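Take a look at the structure set out below.
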Amino acid sequence: CSVHFVQQQNSVCSSHPFHPCQTADWICCLSCVFLQDVVVVSGFTVGKSPTAKSDKRHPFNLLLTSDQACIYVNIVTSVTCPPKHTYVKLSDLKAEELVNVYGVVVFFKQPFKSYGTDYCSSLKITDESNQKIVCTIFCREMDDHPKIFQNGDIIRLHRVKAKWFNGSMTLSSNVGFSVVTFDGAVGGAVEPRSSRKFFSFDEHDRRRVEELRSWAVSQDVCSTVSAAVPLSGVQPKVYFDLTCQLLAKAPIDTTCMLLRVWDGTKCPYTQSDVTIDPDTIEGPASFSGTKKSFIANILVFDNHVVCAKQLKIGAFLRIYNLRAVCESVKEPGLLRMDTDHLVFQLNGGTSFGKGIRVLPESSPDVQKLKRFGKDEPSDSEMLEIWSTPPEFLSKKTLFLSVSFCCSRSCSHQIQPMTLSQLKQSQPEGEYHVRAQLRSYQPHRLHQSLKLFCSNCSSMQEIPNEEVLSGIFSAAFQDSTPCRHPPWILSGHKSMDLTNVMNPSTFITHSHTHTHISSLPATFAGFSLEETCMLAAHYENIVPLTSSGGDLDLLDLSAPFLFRGKKRYYGSESETFNINNFIMNLGIQLLQYVLLMRLKLQDSTDTLDVFLWKDAEKFFGVSAEDVSATEEAQERVQKVMDLLCPPEDSQDQRPWLDLCLMAYAVEDEPGQSQTCYQIINTTIITPSTTQSGPD
DNA sequence: GTTTAGGGTTGG
């Protein structure tokens, strides 16, 4: 921790102090570290990486284990160091020069397959010099192409070559080409979009992006090039860009595909009926009433069919250069007549940027789309529809979602509400919500297993194996023989006590055997390990110790009973003594319980809920089994993996129909807080699903 | 360290 200055060779930053960061704020500190910043890590422990084999990363880790650990970040590097790259104004391009440029996108095409080896992106950019430059980019991988979502996005191109073509200056990708794209909204986060893990990005970049954003707004660049129109704003024969969610799709023929989408607004024109074979449709086959009036039929042709085939139901899309056309009919003997029924077409080819792009969930436009219902609370019907995930919109898909997700066993029929409505409503009572699981704690599922005393309503952790070993070895330090209490010799019938080990260690108790003194009369005691081995051969084992010549139970933080692999814990009862123990075990049996905290999300909000009272019902296992059997543990893991698929898997989070109980908890007198628990809900995993749609 | 394409709409 003595490092406050770092001597860097060949750097103008060498004399700048580093900013020390204590462990408490290390996360905060790391969030302000940029690539190229110099970081000093001190007081960390070098440890073997347990995942080195699987992730093929460095065999060692730096572990943050003590309060002394520090990360020093040279936060001044990025502002005082000269820029790593120089950028050329678009008016200063010279033919055959290799340059880096920044620009605002004013036209772009989705990458299309060239006749060579690569995909080709075609775009046009501009900057403060007001030059508009066409750029042609070749990359073999789709992912390496610019991630442009709309005109007005800011783009940074490295290693492009200026060339004269047809009387104007153009830019083409060159060897070592790379691109980073940013959203163009003034005031929005400056988040680089790139396929690469490592790319330079510092304060100079941030400033340049913000400069270009402000300039573009001042010049009204975006309003002249944006063609975004919501469904409520479409006019016949107009070309426009649509941001929407995909609800269903169906092939029409080899060159055409139907996409059914919505964006939360209602198109003022009647939709023409597109008839399709219900067996070929993916997603709901039909929509009823109000829902139907929000849905647009889009016919996608030729080259776009390949892309459309890959789209997943529920995905958020932007469709570029879509055209609204009036359906025309030809009556026999009459001229072809246009009707007032609209259908949308994405015609073949890539001219005018025609294409489809899947927008990432994090995109501001997707967030805006999802908020639609929230911003228009007056239309409650719309709110209900918009916050309904598409999976729930028809019987066919309802079956899918129910059979793969969960079922409620409560008797009441309440309409589901959004998380935001629930948060605003009166506490206490039972509610239904439809939500996805965003995250959960504890992530190590075995930590969710606790011990609960129903007598005093207290919850405690299960001691770990090391602590238990300690209790056992301490209990058997005293190996002096002790008196047989009368109950041992009398073989108390009411307890069916049948097998007693002498002098000081165990009562074993079997319903079927009677072995008195089947073990050596004197022995020093059993360790935890030995007890476990014994437990495999006897039905019940109660570990005892000698205490001043009398038999006594072990410290109650250890299990008082072993039954096979199951261990039973207890808490001391008021009237406890060893005789009462024999009469009624004198122990309040602690229940195994599962306790988790889940973060739910829907399109309106997030909500922290507990899973405890009905956790066993939720998982379909008993907590006691979870404590002892791998099958039960795997079951819990499987359910959590289903609800919250691991990051690297492509699985989508399923929507859950949940019954919640809201209740007030008093932290301090007069200070109450509303808590929520999942109740009456059972998760059904695919393998446990046998039933049909009913 | 080569090639590809080099914005600008048929219409179904």
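The structure presented is a predicted model; accordingly, all values stated were derived computationally and were not measured. Throughout, a chain's letter reflects where its sequence line sits, starting with A, and its residues are numbered from 1. Worth knowing before you read on, the calculation uses all heavy atoms, side chains too, and leaves out hydrogens, waters and symmetry mates.
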Quick one: on DNA chain B, does A:Gly116 or A:Asn321 contact a more 5' nucleotide (nearest heavy atom)? A:Gly116
Want to settle it: does A:Lys109 or A:Ser114 sit nearer the 5' end of DNA chain B, counting the closest nucleotide to each?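 With A:Lys109 and A:Ser114 compared, the 5'-side residue is A:Ser114.
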Measure from [atom1] on [X] to [atom2] on [N] and round the result to the nearest Å.
X        : N      : atom1 : atom2 : value
A:Tyr115 : B:dT4  : OH    : P     : 13 Å
A:Asn303 : B:dT10 : CG    : P     : 12 Å
A:Arg323 : B:dT10 : CZ    : P     : 10 Å
A:Ile148 : B:dG7  : CD1   : P     : 16 Å
A:Lys354 : B:dG7  : NZ    : P     : 15 Å
A:Lys161 : B:dG1  : NZ    : P     : 11 Å
A:Tyr119 : B:dT4  : OH    : P     : 18 Å
A:Met142 : B:dT4  : CE    : P     : 20 Å

Start with the C-alpha distance between A:Arg193 and A:Asp153, add both sets of side-chain angles, then the distance that settles salt bridge (charged side-chain N to carboxylate O under 4.0 Å, His left out), and finish with yes or no. CA-CA 11 Å; A:Arg193 305 199 280 252; A:Asp153 282 355; 2.6 Å; yes
Which listed nucleotide ([options]) is nearest to the side chain of [X]?
X        : options              : answer
A:Thr255 : B:dA5, B:dG12, B:dT3 : B:dG12
A:Thr117 : B:dG8, B:dT3, B:dG6  : B:dT3
A:Phe107 : B:dG12, B:dG7, B:dT3 : B:dG7
A:Gln345 : B:dG12, B:dG6, B:dG8 : B:dG12

Does a side-chain N or O of A:Lys237 approach OP1 or OP2 of B:dG11 to a distance below 4.0 Å, or not? no
Answer yes or no: is there an ion pair linking [X] with [Y], defined by an N-O contact shorter than 4.0 Å?
X        : Y        : answer
A:Arg318 : A:Asp241 : no
A:Glu191 : A:Lys147 : no
A:Lys161 : A:Glu96  : yes

Reckon A:Thr136 touches a base, only the sugar-phosphate, or nothing at all at heavy-atom distances under 4.0 Å? base
Heavy atoms under 4.0 Å, any strand shown: does A:Gly348 hit a base, just sugar-phosphate, or nothing?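 Base contact - A:Gly348 has a heavy atom under 4.0 Å of at least one base atom.
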What's the base orientation of B:dG8: syn (chi within 90° of 0) or anti? syn
Hey, does the side-chain of [X] have a donor or acceptor N/O within less than 3.5 Å of a partner on the base of [N]?
X        : N      : answer
A:Asp302 : B:dG12 : yes
A:Asn347 : B:dG12 : yes
A:Lys124 : B:dG6  : no

Using side-chain hydrogen bond (donor to acceptor under 3.5 Å, both in side chains), reason through A:His158 and A:Tyr87 one step at a time and then give a plain yes or no. CA-CA 9 Å; A:His158 278 183; A:Tyr87 295 92; 2.7 Å; yes
Can you check salt bridge (charged side-chain N to carboxylate O under 4.0 Å, His left out) on A:Asp205 and A:Arg156, steps first, answer last? CA-CA 9 Å; A:Asp205 293 283; A:Arg156 185 188 81 177; 2.9 Å; yes
For B:dG6 versus B:dT10, give the span between their P atoms, rounded off to a whole number of Å.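 Roughly 14 Å separates the two P atoms.
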Stacking check: are the rings of A:Phe301 and B:dG11 less than 5.5 Å apart at their centres and under 30 degrees in tilt?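 Answer is no, no stack.
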Ring-on-base stacking B:dT4 with A:Phe138 (under 5.5 Å, under 30°):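 Stacked: ring centres under 5.5 Å, planes under 30°.
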